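Note that the coordinates shown come from a computational prediction; the quantities given were computed from them, not determined experimentally.
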Amino acid sequence: MSSFLDRILGPRISIDERSKHSLRYGTPGFLLLAARVLLLVSVFLPYWHMELQAPQYPDGLHMTAYMNSLTGDVAEIDGLNHYIGMRSLYEAAELERTVGVFIMILFVVMLELAAYIHTRWAALLVAPVVFFPVVFLVDLHLWMRHFGLNLDPEAPLSNAVKPFVPTALGKGGIGQFVTIATPGVGLILAAVASVVLVAALFFHRRAYLPLVKQQRLASGTPNGC
Amino acid sequence: MKDKRTWFRFLPATAAAFTLCGATAASNAQSMRDVETVAKERGLTNADLIAAAKTYLPSGQKDEYLMFASGGHAGQIFVVGLPSMRLLRSIAVFTPEPWQGWGFGVGNEILEEGFPNGKANLWGDTHHPALSETNGDYDGEFVFINDKINARVAVIDLRDWETKQIVKNPLTLSDHGGTFVTPNTEYIIEGGQYAVPWGSDYVPISKYKEEYKGSVTLWKFDRKRGRIDKDQSFAIELPPYWQDLSDAGKLASDGYFFMNSLNTELATGGIQDKKPPFEAGASRNATDFLHIIDWKKAEQVYKAGKTQEIKGFPVIMLQTALDEGLLHVTPEPRSPHGVDVAPKGDFIVVSGKLDPHVTIYSMEKIKKAIASKTFSGNDEFGVPILDFDSVVEARIEVGLGPLHTQFGPDGYAYTSLYLDSAVARWTMGGPYGSGTPEPDWTLVHKTPVHYNVGHIAVAEGDTVAPDGKYLVALNKWSVDRFVQTGPLLPQNLQLIDISEDGTNAPVIYDMAMGVGEPHYAQIVKADKLNSWATYPEVGWDPHVQNIKPMAPKKGMERVQRNEDGSVDIYMTAIRSHFNPEHVNLKQGDTVRWHITNTERALDATHGFAVPMYNITASLEPGETVTIEFVADTPGTFPFYCSEFCSALHLEMMGYLMVEPE
């Protein structure tokens with residue numbers, strides 16, 4: 001059992017060795033830490049903005065999505081959306097908003113663990129976090145698509161407005177409204193974290209792959225990980 | 001769907017293009033030559049162009065000042081922006097007003113508070129608005145107004161600009177001398193005018209001197225509750241002299257207030273019996289009496305219980321007032337209109353219509369005269385008369401028919417001249433003397449106005465810190481100023497630029513006021529107000545300025561038939577529907593119709609109007625109202641939103657069906 005764990009954790013580095021090559025061994029750990037910080041900070045920041053511009057709203061209508069909440073003029077936008085038969089935005093991504101923060105905590109724990117694992121298994125822990133911003137946007141797009149294509153046919157303006165897919169990023173339009181969707185600082189931080197994590201994996205591989213190979217040769221187990 | 005990357009690349013370019021377009025458009029179209037062309041075509045002089053430039057507000061720009069003007073016998077308050085002189089809105093007070101849904105199901109209980117002896121009186125004659133003050137300066141929280149015809153005072157909350165309370169004076173039926181506030185709005189002063197027996201009971205006019213009463217009422221204001229506290233209010237009996245306008249002292253005169261009087265002759269008219277009419281009888285004496293009342297002392301006398309209950313209201317009787325030294329009078333030019341306290345509280349300016357002077361009294365001298373009992377005698381009611389020469393500081397001849405005085409920040413004072421149709425600018429002396437280049441106590445300039453000016457209002461011109469800048473002459477006649485609108489002509493409110501010294505004080509705008517006759521107005525810096533743009537929360541009851549616990553909420557709409565047979569309707573309104581849309585009642589049902597406007601958007605007001613039942617309400621975003629009525633008329637009644645709210649506004653309706661018995 002312990003040998004299984006050892007195989008996953010990979011070669012350990014002595015304190016002497018670490019201090020001799022502090023840059024080599026420190027870099028992946030530091031980058032993983034940086035990614036953790038970025039993700040943690042992002043939880044408190046907006047992930048996504050949508051602005052609706054129309055003549056009768058000189059300041060526009062604004063909606064902001066956080067990891068766990070939807071804020072801004074949501075009630076007003078819902079009120080307008082009812083004309084075209086769109087469901088309340090509060091009904092969108094309920095599960096995602098409920099578990100979002102826990103997922104982020106899980107991500108942080110995974111990255112914490114990844115820092116202790118010196119084999120390719122670390123990549124398995126890091127990969128979901130790397131893809132997270134993309135998954136976020138895809139999820140957002142799917143919700144928009146789902147809401148936009150499933151309009152209530154009994155709605156007041158259903159004759160005038162055909163089902164449509166609101167834009168998840170960039171400029172769109174519906175009726176007299178111009179919609180502008182932009183990523184929030186939180187999402188940008190998460191994206192930066194993804195880049196940092198890819199770099200972390202690169203330096204991780206550079207630091208530990210030679211050691212893993214050495215260990216494999218020494219133990220003579222060709223199938224070792 | 002557009003490629004998002006393309007769009008991101010385009011954004012800065014679009015922004016730049018937009019800016020460029022804007023710049024070119026501006027530089028293309030307009031040059032001073034174009035201005036000259038337009039001016040020539042329209043026959044405008046340079047002075048006209050300057051006046052236009054000083055007053056014109058491009059779309060979207062906002063006024064610097066708000067003028068709260070009484071509405072005269074319209075019974076409302078009118079709010080005008082300065083310098084644009086645009087009528088921004090009216091505030092319904094004593095008169096039902098359908099646009100604001102005032103008195104057609106909503107606000108009825110407040111209007112009813114003011115019904116004299118419970119008898120419906122559905123109009124008012126508003127004269128003198130008073131903005132609430134802190135340390136003698138407007139604080140923008142409340143505005144009060146009197147109703148001269150029935151002696152009532154109303155309280156308007158300037159968070160939502162709605163009337164919150166109307167109190168009926170139990171002692172008298174006319175209160176031209178209201179409303180004026182003490183420097184911290186401790187009291188709202190309501191002076192009676194035409195003397196009547198207490199409570200307006202029947203007494204033959206032959207007993208005028210004995211039974212007809214003058215009075216002044218001090219309404220205690222409870223700022224926290226935003227209401228007049230009737231239980232802490234009291235009145236003072238005065239001789240039946242037709243007390244008129246008043247003004248509260250401040251700073252040097254803090255603790256006092258001043259009132260004019262018209263009829264110290266005790267004339268009782270009788271033109272039909274060939275007796276002198278009031279206009280002659282009440283103007284016989286060369287002087288009337290300026291009343292000087294120590295309200296802080298009066299408050300102590302009231303608190304000590306030295307009052308008499310009259311018509312259920314505590315009154316400090318005239319004899320008590322004299323015994324306690326609360327009341328002094330001093331001669332003033334006859335038939336006076338305004339009594340106006342200077343910014344530092346040190347001078348009191350009075351003008352009598354039939355005397356071309358303004359008379360300036362010194363508070364210091366008044367106090368001295370009171371202390372040393374420098375009396376020239378007592379009037380026939382025993383009121384001590386302060387010797388005129390001992391209390392007067394200056395007299396200035398300003399012109400014919402001087403009425404009201406307001407103050408600038410720099411030592412200038414302004415007096416309206418009714419007969420001259422002009423506004424006089426004159427200099428004050430004493431501590432104000434150094435503010436003006438001209439010598440003290442002299443007439444500097446007269447600006448002609450059109451025509452027959454009554455009150456004038458200077459920006460914050462009756463506070464401890466006048467702003468000057470603008471003066472509005474509230475002219476009674478407009479004669480030839482506007483295109484003919486039939487034989488009833490609008491009033492003419494003229495804006496005068498008083499920002500420069502000396503003889504330069506031109507009229508720069510004429511505003512036709514065709515909805516009422518403003519008497520007095522106060523002009524407050526707009527940023528002193530903290531108005532709500534929408535009600536703070538959905539389900540707001542403006543009457544208590546809090547959430548109504550049983551306000552209808554989304555998802556809770558219903559028609560509820562109670563055990564006692566009454567019906568509660570819980571309805572919500574949002575663009576573009578009411579819920580419920582079908583309301584079934586039985587003839588004779590007592591109905592409480594609760595409606596919440598659940599909107600949060602600025603300006604998303606809904607109306608609620610029911611035919612045949614004389615119901616119309618204005619529901620501003622967040623507001624909840626309750627309308628009570630008896631469904632006495634059977635039939636089918638389409639109710640609808642009466643405020644154009646949305647593209648599907650016409651569809652925002654429902655059916656009230658009242659089944660016959």
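- When the heavy atoms of residues 79-117 of chain A are compared with those of chain B, the residues falling under 4.5 Å are Leu80(A), His82(A), Tyr83(A), listed by number.
- The environment of CZ in Arg600(B) is crowded: more than 12 heavy-atom neighbours from other residues, nucleotides or ligands sit within 6.0 Å.
- Heavy atoms closer than 4.5 Å to chain A are found nowhere in Thr598(B), neither backbone nor side chain.
- For a residue to count as touching a neighbouring chain, one of its non-hydrogen atoms must lie under 4.5 Å from one of that chain's; by this rule Glu651(B) does not touch chain A.
- Counting non-hydrogen atoms of neighbouring residues, nucleotides and ligands closer than 6.0 angstrom, the CZ atom of Arg206(A) reaches no more than 12 such neighbours.
- Heavy-atom contacts from other residues, nucleotides or ligands closer than 6.0 Å to OH of Tyr57(A) number more than 12.
- Atom CZ of Phe177(A) has more than 12 heavy atoms from other residues, nucleotides or ligands within 6.0 Å.
- The 12-atom threshold is exceeded at NZ of Lys553(B), counting heavy atoms of other residues, nucleotides or ligands nearer than 6.0 Å.
- When the candidates Asp603(B), Leu602(B), Ile574(B), Leu648(B) are compared by the number of heavy-atom contacts under 4.5 Å with chain A, Leu648(B) comes out ahead.
- Other residues, nucleotides and ligands contribute more than 12 heavy atoms inside 6.0 Å of the NZ atom of Lys162(A).
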